[in-house]
Colleague: 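Handing you this structure, nothing more for now.
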Amino acid sequence: MRVNIIAVGKLKERWLREACEEYAKRLGRYCKLQIVELNECRLPENPSVGEIQRALQNESEQILRHIEGEAFALCIEGKPCTSEVFSEMLTAPALNGCSALSFLIGSSHGLAEEVKQAVQHKLSFSPMTFPHQLARVMLLEQIYRGYQIAEGGKYHK
């Protein structure tokens with residue numbers, strides 16, 4: 001299974017990069033992981049609604065070009081789920097012949113509506129707001145946990 005994480009923006013903090021590298025290493029035994037970092041559109045200090053919409057549209061064009069297989073958008077209106085349910089969502093597509101999953105993380109302004117309409121699943125970690133860079137670490141951890149659950153591993157207690 002190929003797992004693609006398509007994220008707007010680059011990881012700036014070393015500790016975030018190191019955490020992602022650790023989970024990427026762990027995931028190597030379960031899937032072929034690819035992380036695609038897309039350029040975030042630069043906006044002024046106090047952008048107008050129109051400027052935000054144009055930036056989201058530009059980012060959505062980049063995101064949509066990289067989606068492969070079954071797609072999951074991380075967004076505020078997404079559905080929260082348990083790690084066990086997420087594990088099933090990770091493994092079920094392979095049983096149906098799907099060979100790739102794409103997880104989408106938008107910029108600090110989220111994802112364009114067009115992207116949300118193009119995915120099969122909308123997920124939310126919580127009603128709380130998290131930095132999109134931290135969301136990447138959380139997503140990698142949950143993907144690893146999901147594979148561990150499916151395997152019956154000891155990581156998930």
Side-chain angles (χ1 to χ4, degrees), residues 1-24 27 31-83 85-94 96-147:
M1 177 67 75
R2 281 187 318 280
V3 174
N4 304 307
I5 297 182
I6 303 161
V8 177
K10 300 192 182 326
L11 294 180
K12 296 175 181 125
E13 309 294 337
R14 184 174 61 102
W15 64 275
L16 290 167
R17 286 191 308 272
E18 288 173 352
C20 287
E21 289 166 6
E22 176 61 29
Y23 285 112
L27 283 166
C31 64
K32 182 179 181 207
L33 178 68
Q34 178 182 356
I35 299 175
V36 177
E37 291 182 328
L38 304 174
N39 292 326
E40 186 171 3
C41 291
R42 297 282 179 209
L43 289 168
E45 182 77 25
N46 294 307
S48 68
V49 173
E51 289 170 322
I52 293 170
Q53 290 306 314
R54 281 189 295 281
L56 288 175
Q57 180 60 38
N58 181 291
E59 292 167 0
S60 75
E61 291 168 6
Q62 294 181 70
I63 291 168
L64 292 171
R65 281 195 296 263
H66 288 89
I67 292 177
E68 185 179 11
E70 201 160 316
F72 300 75
L74 273 64
C75 52
I76 192 117
E77 65 271 35
K79 178 183 172 193
C81 64
T82 65
S83 294
V85 169
F86 183 68
S87 176
E88 292 172 17
M89 294 170 80
L90 272 177
T91 55
N96 296 321
C98 181
S99 62
L101 302 175
S102 293
F103 292 90
L104 317 177
I105 302 172
S107 66
S108 59
H109 292 286
L111 293 165
E113 201 56 42
E114 175 182 11
V115 172
K116 295 176 199 176
Q117 297 297 324
V119 301
Q120 289 80 23
H121 308 279
K122 293 179 197 151
L123 297 174
S124 173
F125 287 132
S126 163
M128 299 171 86
T129 301
F130 297 101
H132 61 279
Q133 293 184 0
L134 184 57
R136 190 184 315 184
V137 177
M138 294 167 60
L139 174 61
L140 285 166
E141 191 280 335
Q142 284 299 297
I143 293 170
Y144 176 69
R145 182 178 298 274
Y147 280 119

Colleague: Can you name the nearest heavy-atom pair linking Gly110 to Glu59, along with the distance?
Modeller: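 Scanning both residues completely, I find the closest heavy atoms to be O-OE1, 4.4 Å.
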Colleague: Find out whether Leu38 and Ile63 are in side-chain contact, i.e. whether some heavy atom of one side chain is under 4.5 Å from a heavy atom of the other.
Modeller: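 Yes, side chains in contact.
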Colleague: Run Gln57 and Glu114 through side-chain contact (heavy atoms from CB on, under 4.5 Å) and show every step you take.
Modeller: CA-CA 8 Å; Gln57 180 60 38; Glu114 175 182 11; 3.2 Å; yes
Colleague: Quick check: closest heavy atoms across Ala71 and Gln120, and the distance to 0.1 Å?
Modeller: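 Heavy atoms only, the tightest pair is N-OE1, 2.5 Å.
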Colleague: Of all the heavy-atom pairs spanning His66 and Ser102, show the shortest one and how long it is.
Modeller: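 Between these two residues, the closest heavy atoms are O-OG, 4.2 Å.
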Colleague: Could you give the distance from CG (Leu123) to CZ (Phe103), rounded to the nearest 0.5 Å?
Modeller: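 Between atom CG of Leu123 and atom CZ of Phe103 there are 7.0 Å.
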Colleague: CG/Leu74 to CD1/Ile6 distance, rounded to the nearest 0.5 angstrom?
Modeller: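 The CG atom of Leu74 sits 11.5 Å away from the CD1 atom of Ile6.
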Colleague: Walk me through it: do Val3 and Tyr147 pass the test side-chain contact (heavy atoms from CB on, under 4.5 Å)?
Modeller: CA-CA 12 Å; Val3 174; Tyr147 280 119; 3.7 Å; yes
Colleague: Answer yes or no: is there a side-chain heavy-atom contact under 4.5 Å between Glu70 and Asn96?
Modeller: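 In short, these two side chains do not touch, never coming nearer than 4.5 Å.
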Colleague: Under the side-chain contact (heavy atoms from CB on, under 4.5 Å) criterion, do Ile143 and Leu101 qualify, and how do the steps go?
Modeller: CA-CA 11 Å; Ile143 293 170; Leu101 302 175; over 6 Å; no
Colleague: Test Tyr23 against Leu139 for side-chain contact (heavy atoms from CB on, under 4.5 Å), laying out the working first.
Modeller: CA-CA 10 Å; Tyr23 285 112; Leu139 174 61; over 6 Å; no
Colleague: Once rounded to the nearest 0.5 Å, what's the spacing between atom CZ of Arg145 and atom CG of Leu140?
Modeller: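 Rounded to the nearest 0.5 Å, the CZ-CG separation comes out at 13.0 Å.
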Colleague: With rounding to the nearest 0.5 angstrom, report the CG to CG distance, Leu64 to Leu104.
Modeller: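 Those atoms lie 8.0 Å apart.
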Colleague: How about Lys32: does its NZ atom have over 12 heavy atoms from other parts shown lying under 6.0 Å from it?
Modeller: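 Count not over threshold, so no.
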Colleague: Could you give the distance from CG (Asn39) to CD (Glu37), rounded to the nearest 0.5 Å?
Modeller: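 That separation rounds to 9.5 Å.
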Colleague: Tell me whether Arg2 contacts the main-chain N or O of Cys31 through its side chain, where contact means a donor paired with an acceptor under 3.5 Å.
Modeller: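 Looks like no, no N/O pair under 3.5 Å.
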Colleague: For Leu90 versus Met1, what's the shortest heavy-atom pair and its separation?
Modeller: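 Of all heavy-atom pairs spanning Leu90 and Met1, the closest is O-CE, 4.5 Å.
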Colleague: How far apart are the closest heavy atoms of Gln133 and Leu16, and which atoms are they?
Modeller: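 Gln133 and Leu16 have their closest heavy atoms at OE1-CD1, 3.4 Å.
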Colleague: Kindly compute the distance separating CZ (Arg54) from SG (Cys41), expressed to the nearest 0.5 Å.
Modeller: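 Reported to 0.5 Å precision, the distance equals 11.0 Å.
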Colleague: Between Met89 and Phe72, which heavy-atom pair has the shortest distance, and what is it?
Modeller: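 Nearest pair, atom of Met89 first, then Phe72: CE-CE2, 3.7 Å.
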